[in-house]
Structure formats: structure tokens, C-alpha cells
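The block underneath contains the structure these notes are about, expressed in C-alpha cells.
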Protein chains: 2
Amino acid sequence: MNLDNLLDKLKMNGYKITVQRKAILRALAENHNNLITVENLFEKSKEIYPKTNMSTVYRNLEILEKLKLVYKVLTENGMALYKLVCSDKHHHHIICKKCGKTEVIDFCPIDNLKQIIKNKKFILTDHKLELYGYCLDCKNSEDS
Amino acid sequence: MNLDNLLDKLKMNGYKITVQRKAILRALAENHNNLITVENLFEKSKEIYPKTNMSTVYRNLEILEKLKLVYKVLTENGMALYKLVCSDKHHHHIICKKCGKTEVIDFCPIDNLKQIIKNKKFILTDHKLELYGYCLDCKNSEDS
DNA sequence: CTAGAAATGCAAATGATTCGCAATAAGGAG
DNA sequence: CTCCTTATTGCGAATCATTTGCATTTCTAG
């Protein structure tokens, strides 16, 4: 999904297009393969529009998350990482533990699981599958 | 794993057995099927040994996590939930989104995934599979 | 029983995230 | 283009789970 599509989606949902909002989206778009921290996104947004404020970044991420335009993971210490969603099709990711690079995993084990869960006293509603590792770039750099 | 085993593991690793530590472990053991919040664990520990302190709970959870005696999940808002690990065998859970009850899922899709990841520029090291839903008790109670 | 190390309690610090509120900017109607 | 309404922003202060420093207490090996 490119920048214009994103802006359209926002407009369609009654959100105004502000300079800050565009900067944040562009910063996200320029990192669409990587999960980034809010702090980092804030820095990148400021490079595009220097007056962008941290609260604004948070508020926009909240909106983008609600519209499912952004994907959020929590690190082990509970900090949020974000990236733009790349496609509407259900999928998972493998995430580089060092640099946050992601690749799509076009496989979902949920059907196998549904079978198993049939016998449990549970109604399955959601699932979260996250794979972690190192991308080759990070693997090859010594200090991992 | 029962209380005595847990105490042994701690001793074996050079940790002392204190009243508070035993209270926290007993509280965890009494809830071994449910994920509980630290706050909640704190309350339950105090019922067993009233002088137990919140910091102590946090410090002990940290130790238990390091020894892999406890399993930790983060809620959507980044708050930690804990439960004792039940077995050494690799497994996953289905988690009730309302009450935190868990059931073991004795299936891991990682072999299928390894096959898929072979072609990616990634070294897989970890994975996280969490299933969410409602246990029948919660499903049946109206206010969900 | 004692010494030394580990653990605890308390209160204060941290740090990511949220919030209140006044000021500003967007964009539709005229 | 200008006005008006409403959303959005910036700022600083508040939140809140978690962590930490330090003095005190408790373990436990010897």
C-alpha cells in the first residue's frame, strides 16, 4: 500500500491530512520492511517535517492501528514496534532480533490448530505467531 | 512441577529460601492453570505471607523467568502476565482473553515453518505462538 | 553461633505512553 | 477566497507498571 492509498484511507474515514501526518506516514513507508520503535519513527518524521511532535506520532499510530494500516509488536520489555501492513492477505512475519527487518511468511498453521482445539473447552478467536531470528546482514556482522 | 521441586531448583542455583519466596511460589502454584498479573500475584502472596512486598514479587519473577520456571506473556497494553511452566516439553497455550485460563496445545507448527524459511535470508532462532479465545466458563457468562 | 552473602522493604526514579487544554490548521459550505 | 466548525497539534504534566538504591533483615554454610 503506497502513500496515496494510505492518505485516501484516512480521508475516507474522516481524518484530515496534516503535514505531520504525512511526514509520519512517509517515514513509515520508507521503512516498510522494518519494525521500528516509536522513538525512531519520531526521529525520521522530524527529518521530513521538523516540527513533528512525539504525542502526534503516538496519536497517529493509534489511529493507524485502529484502521489496521499498521502492525504492532511488543518487545520483551513491553515497548512497541511498528510497521505498515503490506497486504490485506492474512500472513505472519519473521523478524530480525537485531535490526527489526521483517519478511513475510505466507503460511498460517491455524487450520492444524483448529483441529486440535476442537477437543478443548475453548473458543478460538485470535492467534499470534511470531518468528524471530537474524537476517543475513546481521548474522554476518560480528557483534551479535 | 510442584513446590518442592521449585524450591530445589532455586537452591541448586544458589538462591536462598525465604518466607516471601515460598509465598510467591505457592501463590503461583495455586494458579498454575491461569496467567495472572503481577498485582494479582502480589495480592495472593500477601494472603499467604502478609508482609510480602511488591518489589520482592517483581524480583522473584525475574529470577524465576531466568531459570525458565515461569512463563511470561505481555498483554496488548504491555503489562506482564505470568504462570508456572507446567512441563519441560516444548508446547504452546491457548489463553482465555477474559480470565487468563490456559490450556496446553501440544502441537508446534515450527517444522512446517522451517521448511518455508529455508528460502528466506533469515536464521530462525525463536518463535512465539499464542492462541487466544474464551474458555467455556467465560463464553457462557453474558458480560463478555 | 557467627560471618558474609543474599534478599527484602521502602521510597524514589524511570521511561514509555497518555492526557488536558489552549492554540493552530484543515477543509467544506457559502 | 473567507469563514466556521471540528479535528489536530504541541506542550507539559500525569500515569502507571516496573526498576533501582540503599539501609536493614534474613539465610545458611561452616
Side-chain angles (χ1 to χ4, degrees), chain A residues 4 6-28 35-46 48-67 69-70 72-82 100, chain B residues 4 6-28 35-46 48-67 69-70 72-82 100:
Chain A
D4 288 332
L6 290 167
L7 293 174
D8 284 347
K9 272 252 172 97
L10 283 167
K11 271 188 213 160
M12 272 168 42
N13 283 277
Y15 294 102
K16 293 177 177 172
I17 306 307
T18 64
V19 205
Q20 293 86 333
R21 189 158 284 170
K22 271 194 284 191
I24 294 165
L25 282 172
R26 221 179 92 201
L28 278 168
L35 285 160
I36 55 176
T37 61
V38 182
E39 183 67 37
N40 205 193
L41 176 60
F42 174 49
E43 294 308 330
K44 284 176 193 297
S45 302
K46 275 201 296 195
I48 298 168
Y49 182 68
K51 281 194 262 166
T52 308
N53 183 280
M54 190 61 150
S55 308
T56 303
V57 175
Y58 273 107
R59 283 191 272 238
N60 275 285
L61 284 172
E62 197 186 348
I63 291 169
L64 293 170
E65 202 189 346
K66 195 163 56 193
L67 297 181
L69 296 177
V70 110
K72 178 187 187 179
V73 208
L74 293 178
T75 64
E76 283 172 47
N77 45 59
M79 217 176 53
L81 301 177
Y82 290 91
Chain B
D4 289 332
L6 291 168
L7 294 174
D8 284 347
K9 273 250 170 100
L10 283 167
K11 270 188 214 161
M12 272 168 43
N13 283 277
Y15 294 102
K16 294 178 175 171
I17 306 307
T18 64
V19 206
Q20 294 86 330
R21 190 158 282 168
K22 273 195 283 192
I24 293 165
L25 282 171
R26 221 178 93 202
L28 277 168
L35 285 161
I36 55 176
T37 60
V38 182
E39 182 68 37
N40 205 193
L41 176 60
F42 173 50
E43 294 307 329
K44 284 177 194 296
S45 303
K46 275 201 296 195
I48 298 167
Y49 182 69
K51 280 193 262 164
T52 308
N53 183 280
M54 191 59 151
S55 307
T56 304
V57 175
Y58 273 108
R59 282 192 271 238
N60 275 286
L61 284 172
E62 198 185 346
I63 291 168
L64 293 170
E65 202 189 345
K66 194 161 58 195
L67 297 181
L69 296 176
V70 109
K72 178 186 186 179
V73 209
L74 294 177
T75 63
E76 283 172 50
N77 45 61
M79 215 175 55
L81 300 177
Y82 289 91

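Naming: A, B, ... by sequence-line order, numbering from 1 per chain. The basis for the numbers below is simple: all heavy atoms, side chains too, and nothing from hydrogens, waters or symmetry mates.
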**Item:** side-chain contact (heavy atoms from CB on, under 4.5 Å) assessment of A/L61 paired with A/L41
**Value:** CA-CA 10 Å; A/L61 284 172; A/L41 176 60; 3.8 Å; yes
**Rounded interatomic separation in angstrom, taking CZ from B/F42 and P from D/dT19** = 15 Å
**Fill in**
Between CG of B/L61 and C1' of C/dA7 the distance, given in whole Å, is 15 Å
**Prompt:** Does any N or O in the side chain of A/R21 come within less than 3.5 Å of the main-chain N or O of A/K16, such that one atom is a donor and the other an acceptor?
**Reply:** yes
**Asked** Which residues, if any, of residues 48-57 of chain A bring a heavy atom under 4.0 Å of DNA chain C?
**Response** A/S55
**Message:** Is there a side-chain contact between A/Y58 and the phosphate of C/dT17, meaning an N or O under 4.0 Å from OP1 or OP2?
**Reply:** yes
**Fill in**
note: A/E62, atom CD; C/dA16, atom C1'; distance rounded to Å ~ 14 Å
**Message:** For the backbone of A/S55 and the side chain of A/N53, can you confirm whether one donor and one acceptor N or O come within less than 3.5 Å of each other?
**Reply:** yes
**Message:** Is any side-chain heavy atom of B/Y82 closer than 4.5 Å to one of B/E65?
**Reply:** yes
**Request:** Using a cut-off of strictly less than 4.0 Å, decide whether A/Q20 has a side-chain nitrogen or oxygen near OP1 or OP2 of D/dG10.
**Result:** yes
**Taking every non-hydrogen atom, the tightest pair across B/A27 and B/S45** = CB-OG, 3.7 Å
**Prompt:** Near A/K46 NZ, under 6.0 Å, is it more than 12 heavy atoms from other residues, nucleotides or ligands?
**Reply:** yes
**Spacing of A/K22 atom NZ relative to D/dT9 atom P, expressed in whole Å** = 12 Å
**Prompt:** Would you call A/L81 and A/T37 a side-chain contact if the rule is heavy atoms closer than 4.5 Å?
**Reply:** yes
**Asked** Whole-Å distance between C/dA16 C1' and A/L81 CG?
**Response** 12 Å
**Fill in**
note: B/K46, atom NZ; C/dC10, atom P; distance rounded to Å ~ 10 Å
**Prompt:** Can you tell me if NZ on A/K51 sees more than 12 non-hydrogen neighbours from other groups inside 6.0 Å?
**Reply:** no
N/O to N/O distances under 3.5 Å, protein versus nucleotides 28-30 of chain D:
{"unit_1": "D/dT28", "atom_1": "OP1", "unit_2": "B/I17", "atom_2": "N", "d": "2.9"}

**Prompt:** Looking for any heavy atom pair under 4.0 Å, which part of the strands does A/R21 touch: base, sugar-phosphate only, or nothing?
**Reply:** sugar-phosphate
**Message:** It should be established whether B/N77 places a side-chain nitrogen or oxygen under 4.0 Å from OP1 or OP2 of nucleotide C/dA16.
**Reply:** no
**Atom pair distance, as rounded to whole Å: CG in A/L25 and P in D/dT8** = 13 Å
**Message:** Looking at B/E43, I'd like to know if its CD atom is crowded, meaning that more than 12 non-hydrogen atoms belonging to other residues, nucleotides or ligands lie closer than 6.0 Å.
**Reply:** yes
**Request:** Return the value, rounded to whole Å, for the distance between atom CD1 of B/I63 and atom P of D/dT20.
**Result:** 13 Å
**Item:** Of A/V38 and A/R59, the one whose closest DNA chain C nucleotide lies more 5'
**Value:** A/V38
